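Heads up: the structure comes next, in structure tokens.
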Amino acid sequence: MSISYHISRQQKSISLLLVADAAHGQYNTITKGLRGAHMEFTKMHGLGNDFIIVEDNGRRTDWNALASKLCERRLSVGADGLMVVMPSSAADIKMRIFNADGSEAEMCGNGIRCFAKYVYERGIVNKLEMTVETLAGIMRPGLKIKKGKVTEVSVDMGQPSFDRADIPMTGEGRPFDVDIEAAGRKVTVSALLMGVPHTVVLTEDVDAIEAELLGPAIEHHAIFPRRTNVNFVQIIDSANIRVRTWERGAGLTLACGTGACASVVAMNKKGLISKKATAHLAAGRLIIEYLDDGRVFMTGPAQEVYRAVLLE
């Protein structure tokens, strides 16, 4: 079953050929003859954090502009970000990721699980443990397979940094329990670099906190010169937390992998939870383990939603 539709906005148009039954082989039939002339893409999500994935065709493409165009919800495909599959001389494959506002991010935890599933199931990388080049360094996803499909991905996210220059965060001293003013309120924040900048705010109830108000105010605070992702964290017990994330360049999201990692690390550093904990997000759970050697492992699912062709 295929569905064609046309979207117009400000005299600019996007035409898509959606393939609703890609799993039963109709995708290749419908798109036969379109390769090279049009851009194929896949919609995926990791616990509701959704992405558009495309393969670099070697043409000159303004990925920043394409991301902001395609990620706009209701008027286009809609997504939290755009990921591009590229060859790498340093790893098995390279991932570039662009936020919904067109800015490029260093890495994305939910995104890399989707990315690993994508390149494995299409035969681009035929390894159960692969290396992925990102702006945050080389990531190492490990895949769990059932009947030829990736059901779960575990990623070595590397080591977090608590150096203000790395985050970056202005000022001096430990970047934990720092009082700032945001949206006219005093907020206590703890910051770290988990591939990308993250700020953690401890709260008694993540549902009650005004994330839509505080999130952008903290993201754009002057203390964070490259902006920051903002995680509101509620502790359930020593092995479970709840997390809501305001994502830099995307807004409030259903899930954030690097945010879950940063939240577990920060709460462990503060002596409030154990090194292995479950992060409960709006659409599911991630298992986060902060090893004694400083590395952080994240384990969770990835889902393909549909495939389509961008006609113009």
Side-chain angles (χ1 to χ4, degrees), residues 45-50 73-74 78-81 99-101 105 108-110 160 162 167 169 174-194 196-224 227-288 290 296 298 300-301:
H45 78 85
L47 297 178
N49 195 190
D50 58 340
R73 299 191 187 277
R74 298 181 181 86
D80 290 323
N99 295 315
D101 66 355
C108 175
N110 287 317
F162 309 101
I167 295 171
M169 180 183 190
R174 190 168 182 259
F176 275 30
D177 299 322
V178 177
D179 292 332
I180 64 171
E181 184 175 319
R185 306 178 187 185
K186 177 184 173 182
V187 183
T188 301
V189 302
S190 296
L192 64 152
L193 183 74
M194 192 68 246
V196 291
H198 275 282
T199 298
V200 178
V201 178
L202 181 61
T203 180
E204 292 184 356
D205 185 352
V206 293
D207 293 323
I209 197 164
E210 296 178 286
E212 294 88 346
L213 176 67
L214 293 175
I218 297 172
E219 175 194 356
H220 294 278
H221 196 282
I223 200 171
F224 302 111
R227 298 186 294 164
T228 184
N229 298 282
V230 186
N231 307 280
F232 301 98
V233 179
Q234 173 187 342
I235 296 177
I236 301 172
D237 56 40
S238 63
N240 293 274
I241 62 173
R242 294 185 64 202
V243 184
R244 289 182 71 195
T245 298
W246 177 273
E247 192 169 315
R248 179 185 61 169
L252 198 62
T253 63
L254 293 177
C256 178
T258 53
C261 293
S263 298
V264 169
V265 169
M267 293 302 101
N268 174 261
K269 282 288 189 181
K270 289 166 69 71
L272 299 175
I273 64 171
S274 60
K275 282 184 171 289
K276 184 174 183 180
T278 300
H280 298 261
L281 314 172
R285 299 176 296 174
L286 290 173
I287 308 299
I288 311 298
Y290 185 26
V296 179
M298 171 195 64

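This structure is a prediction, so every number in the text was calculated from the model and none was measured.
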Excluding sequence neighbours, so at least two apart, what forms side-chain contact (heavy atoms from CB on, under 4.5 Å) with Lys270? Phe176, Asp177, Ser190, Met267, Leu272
Which pair of non-hydrogen atoms, one from Leu192 and one from Ala266, has the smallest distance, and what is that distance? CD2-CB, 4.3 Å
Can you list the residues that meet the side-chain contact (heavy atoms from CB on, under 4.5 Å) rule with Ala282, with sequence neighbours excluded? Leu254
For Asn229, what residues pass the side chain to side chain donor-acceptor pair (under 3.5 Å) criterion, not counting sequence neighbours? none
Give me the atom names and distance for the closest heavy-atom approach of Val243 to Ala279. CG2-CB, 4.4 Å
Taking every non-hydrogen atom, the tightest pair across Leu47 and Ala255: O-CB, 3.4 Å
List in chain and number order the residues that pass side chain to side chain donor-acceptor pair (under 3.5 Å) with Ser238, two or more places apart in sequence or in another chain; answer none if no residue qualifies. none
Have a look at Asp80 and tell me which of Asp50, Asn99, Asn110 forms a side-chain contact (heavy atoms from CB on, under 4.5 Å) with it. Asp50
Residue pair Leu202 / Thr188, side-chain heavy-atom distance below 4.5 Å: no
Full working for side-chain contact (heavy atoms from CB on, under 4.5 Å) between Met194 and Met298: CA-CA 12 Å; Met194 192 68 246; Met298 171 195 64; over 6 Å; no
With side-chain contact (heavy atoms from CB on, under 4.5 Å) as the criterion, how do Ile223 and Val178 come out once you've worked through the C-alpha distance, each side chain's angles and the decisive distance to 0.1 Å? CA-CA 10 Å; Ile223 200 171; Val178 177; 4.3 Å; yes
Minimum heavy-atom separation for Asn49 and Cys256, please, with both atom names. OD1-CA, 4.2 Å
Between Val201 and Leu214, is there a side-chain heavy-atom distance shorter than 4.5 Å? no
As an exercise, state the distance from OG1 of Thr199 to CZ of Phe224, rounded to the nearest 0.5 Å. 3.0 Å
Checking Thr228, Asn231, Thr245 against His198 for side chain to side chain donor-acceptor pair (under 3.5 Å), the one that qualifies is Asn231
Chi angles and distances behind the side-chain contact (heavy atoms from CB on, under 4.5 Å) call for Phe162, Val265: CA-CA 11 Å; Phe162 309 101; Val265 169; 3.7 Å; yes
The side-chain contact (heavy atoms from CB on, under 4.5 Å) partners of Ala277 (sequence neighbours excluded) come to Val264, Ile273
Write down the atom of Asn268, the atom of Ser274, and the distance for their closest heavy-atom approach. ND2-C, 3.4 Å
So CD1 of Ile241 and NE2 of His280: to nearest 0.5 Å the spacing works out to 8.5 Å
Can you give me the closest heavy-atom contact between Leu286 and Ala260, atom names plus distance? CD1-CB, 3.9 Å
Other residues, nucleotides, ligands: >12 heavy atoms within 6.0 Å of Arg227 CZ: yes
Sequence neighbours excluded, every pair satisfying salt bridge (Lys or Arg N to Asp or Glu O under 4.0 Å) that has a member inside residues 236-256: Glu106-Arg248, Asp207-Arg242, Glu212-Arg244
